[in-house]
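Accompanying notes for the structure given below.
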Amino acid sequence: MAINRNHILAVTLVVLLAGCGGLAGIGGPSISDTEATVVEGQPVLVFDYEIDDFATALLEGPNGNVLYETRIEPEKNTSTLYMGQPQGGEYRILIREGGETLTTETLEFDGPELVLTDVSDNWSSNSLESVEVTIENTGDLPARIERGTYQVDENEAVSYISETVEPNESVSGSISPGFGVTEFEEPGLVEGDLTVETSVGNLSGEFSRDLKPASLSIAGVNPVWSSNALEEVIVRVRNSGDVPTEANVSVEHQGEEAAVTGVGIVDSGELVRFEATPFFNPYEVQSGGEAQFDVFVNSPSGRVSDEFTRDIAGADVSIESVDSTWESGRLTQVQYTADNAGEIEAEYDMTVEVNGETVSEGEVTIPPEGVSGQTLAEDSFTTSLDYAAASGGEYEVTVTLDTGDGTVSASDTVEFEGIDSTISEVDTTFFDQYDSNSSELSSVDFSVRNDGDIALRYDSVEIEIGGASRTDDPYGTQELEPGSSSMEYVSVRDSIVVDSGSHDLTIRLLLDGDTVASETTTVSTE
């Protein structure tokens with residue numbers, strides 16, 4: 001069989017001829033240049049030969065068994081004999097034809113000698129990914145490595161290495177789990193044993209690693225704000241230990257929990273992002289100044305902390321505008337706009353005054369960094385207005401916000417001409433007194449017209465004649481809008497008796513006892 005010498009691996013071992021077969025003569029069959037080497041991963045003996053006709057080459061092992069035989073041709077000069085599992089001892093190459101041994105070659109070998117020279121365990125954090133081994137052959141024959149196995153904490157990994165080691169050469173192999181990696185969750189010393197199975201026996205070794213406990217640190221804190229409201233805190237946590245750990249993040253302000261996370265896993269060597277959020281609404285700082293927040297990372301390995309601060313601008317409120325609405329002299333609506341230039345929500349006591357008289361009170365809240373438009377109406381459910389101008393002149397409507405440390409206010413001023421009333425069409429009813437020259441006033445009817453720019457309001461009518469007066473208020477408060485008129489019918493109770501003839505009759509319209517309109521006219525009892 002011809003050999004392609006490009007297939008010869010590594011370094012071949014040149015074996016000196018131990019002797020020649022006795023039957024080979026000058027010009028007869030011969031064997032020369034014998035080498036023990038590896039071809040395509042298999043241990044072989046390569047030899048040169050000379051023969052005159054076709055023959056058979058055989059290889060006998062140390063125990064005398066035929067390990068391999070092959071047919072050789074006279075036209076070729078080189079052949080290969082496979083050695084199986086090489087071992088130390090005496091080997092013989094024989095060339096035979098027709099049952100006759102034409103020539104032999106005897107070779108002596110010490111055999112292969114494998115040594116485990118290096119063991120290296122490869123880790124990724126707490127994960128044992130592989131164990132690397134290096135095996136050297138210090139013998140004079142090749143040897144085969146079959147597979148490697150390691151055991152550590154009841155975990156086992158097996159890898160088929162399938163390497164042939166040349167004499168005086170080394171090979172390296174990797175032992176790793178078939179799927180995934182072997183992970184260790186607890187700190188401490190990890191010890192492993194390994195076995196490498198070879199064609200000449202098993203090699204053993206060991207390895208160990210002391211896994212450090214989880215060690216957390218805060219790598220960064222990034223709070224997210226909206227004015228004085230803390231919406232989120234992004235915390236980056238690093239684990240410089242060798243094993244993973246559970247952790248959660250909490251954020252506190254003045255001992256009060258402002259934001260929190262659920263429990264997460266921080267693997268060894270990893271930088272993990274935690275997003276701490278308030279339970280429901282954003283956490284609001286209620287006072288101005290520097291607010292300090294404490295950040296805690298809690299884990300079984302301990303607690304680490306950091307902090308961050310924010311300068312909160314306190315409430316800064318001003319009233320930008322006041323606009324009052326009047327109808328016939330009655331204050332029906334007040335609109336005002338208050339601006340809060342700070343970052344704290346402002347809650348204030350609000351007062352509305354007209355010419356110094358309080359007409360409405362309530363509470364108002366102004367959002368941070370915003371403008372609040374408030375409308376007060378006389379029919380409002382919470383803050384009603386109750387004011388009507390009783391006469392002409394200027395009326396200043398002032399809105400005041402009490403901050404507790406002081407007040408801010410703004411005003412709107414309107415002016416009215418006042419009441420311009422006319423009492424006319426006065427009609428009286430008298431009854432004559434028997435056997436006397438006198439008459440009894442029974443009723444007075446008259447017309448009232450309002451030509452002013454505020455409502456004419458009255459709750460009673462006073463009639464005066466002959467030095468006597470009577471007051472009637474049967475209808476409650478009456479209100480006469482500007483430009484309108486009405487008729488009044490007054491029955492005089494406790495009749496007034498006057499002398500028959502002409503008399504001055506005075507009609508007064510009263511509101512809360514004060515005269516708001518009056519007219520004097522002459523009437524006759526006849």
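All heavy atoms count here, side chains included; hydrogens, waters and symmetry mates do not.
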Can you name the one residue among Glu307, Gln254, Arg310 that meets side chain to side chain donor-acceptor pair (under 3.5 Å) with Gln292?
Glu307

Say whether, by atom type as modelled, one donor and one acceptor occur between the side chain of Asn202 and the main chain of Thr195 under 3.5 angstrom.
no

Quick one: closest heavy-atom pair of Ile265 and Glu246, and the distance?
CD1-CG, 3.4 Å

Okay, side chain of Thr117, backbone of Glu136: is any donor-acceptor separation there less than 3.5 Å?
no

Enter the distance from Ile161:CD1 to Thr149:OG1 here, rounded to the nearest 0.5 Å.
8.5 Å

Under a 3.5 Å distance rule, please check whether Tyr336 uses its side chain to pair with a backbone N or O of Thr398 as donor and acceptor.
no

Salt bridge check, Arg144 against Glu146: does any charged N sit closer than 4.0 Å to a carboxylate O?
yes

Nearest-0.5 Å distance that lies between atom OG1 in Thr351 and atom CG in Leu401:
8.5 Å

Phe274 side chain reached by Val237 side chain, heavy atoms, under 4.5 Å:
yes

Assess, by modelled atom type and distance only, whether the side chains of Thr34 and Glu105 contain a donor and an acceptor separated by less than 3.5 Å.
no

Is there a side-chain contact between Tyr387 and Glu357 in this structure, where contact means two heavy atoms from C-beta onward sitting under 4.5 Å apart?
yes

Note: Glu90-Arg92 ion pair, threshold 4.0 Å (strictly below)
no

Contacts of Glu270 that satisfy salt bridge (charged side-chain N to carboxylate O under 4.0 Å, His left out) - sequence neighbours left out
none

With side chain to side chain donor-acceptor pair (under 3.5 Å) as the test, pick out the partner of Thr56 among Glu97, Arg96, Arg71, Glu69.
Arg71

Could you tell me whether a side-chain N or O of Ser125 sits under 3.5 Å from a main-chain N or O of Ser268, the two making a donor and an acceptor?
yes

Passing candidate, side chain to side chain contact (heavy atoms under 4.5 Å, CB included) with Phe207, options Asp193, Val133, Asp121:
Asp121

Between the side chain of Thr261 and the main-chain N/O of Val249, is any donor-acceptor distance below 3.5 Å?
yes

Checking Ser226 side chain against Ala229 main chain: does a donor-acceptor pair fall under 3.5 Å?
no

Could you tell me which residues satisfy salt bridge (charged side-chain N to carboxylate O under 4.0 Å, His left out) with Arg236, sequence neighbours excluded, listed by chain and number?
none

Should Lys76 and Glu50 count as an ion pair when the cut-off is N to O under 4.0 Å?
no

Below 4.5 Å, heavy atoms only, C-beta onward: do Asp210 and Lys212 meet side chain to side chain?
no

Does Asp48 offer a backbone N or O that forms a donor-acceptor pair with the side chain of Asn77 under 3.5 Å?
no

Could you tell me whether a side-chain N or O of Gln335 sits under 3.5 Å from a main-chain N or O of Gln333, the two making a donor and an acceptor?
no

Ser301 versus Ser299, side-chain donor and acceptor atoms under 3.5 Å
yes

Please state whether the rings of His253 and Phe293 are parallel, tilted or perpendicular, taking 30° and 60° as the class boundaries.
parallel

Measure across Arg303 and Asn298 and return the closest heavy-atom pair with its distance rounded to 0.1 Å.
NE-OD1, 2.7 Å

Rounded to the nearest 0.5 angstrom, the OG1-CE distance for Thr400 and Met350 is 10.0 Å

Whether the side chain of Glu129 engages the backbone of Asn122 through a donor-acceptor N/O pair (distance < 3.5 Å, no angle test) should be reported.
no

Look only at the side chain of Ser124 and the backbone of Ser127, and say whether a donor-acceptor pair between them is shorter than 3.5 Å.
no

Mind listing the closest non-hydrogen atom pair of Glu320 and Asp339 along with its distance?
OE2-CB, 3.5 Å

What distance do Ile319 atom CD1 and Thr337 atom OG1 have between them, rounded to the nearest 0.5 Å?
9.5 Å

Begin with the C-alpha distance, continue with both residues' side-chain angles, and end with the deciding distance and a verdict on side-chain hydrogen bond (donor to acceptor under 3.5 Å, both in side chains) for Ser227 and Trp225.
CA-CA 6 Å; Ser227 297; Trp225 291 88; over 6 Å; no

Do Ser324 and Leu331 touch side chain to side chain, with heavy atoms closer than 4.5 Å?
yes

Between Gly84 and Pro86, which heavy-atom pair has the shortest distance, and what is it?
O-CD, 3.1 Å

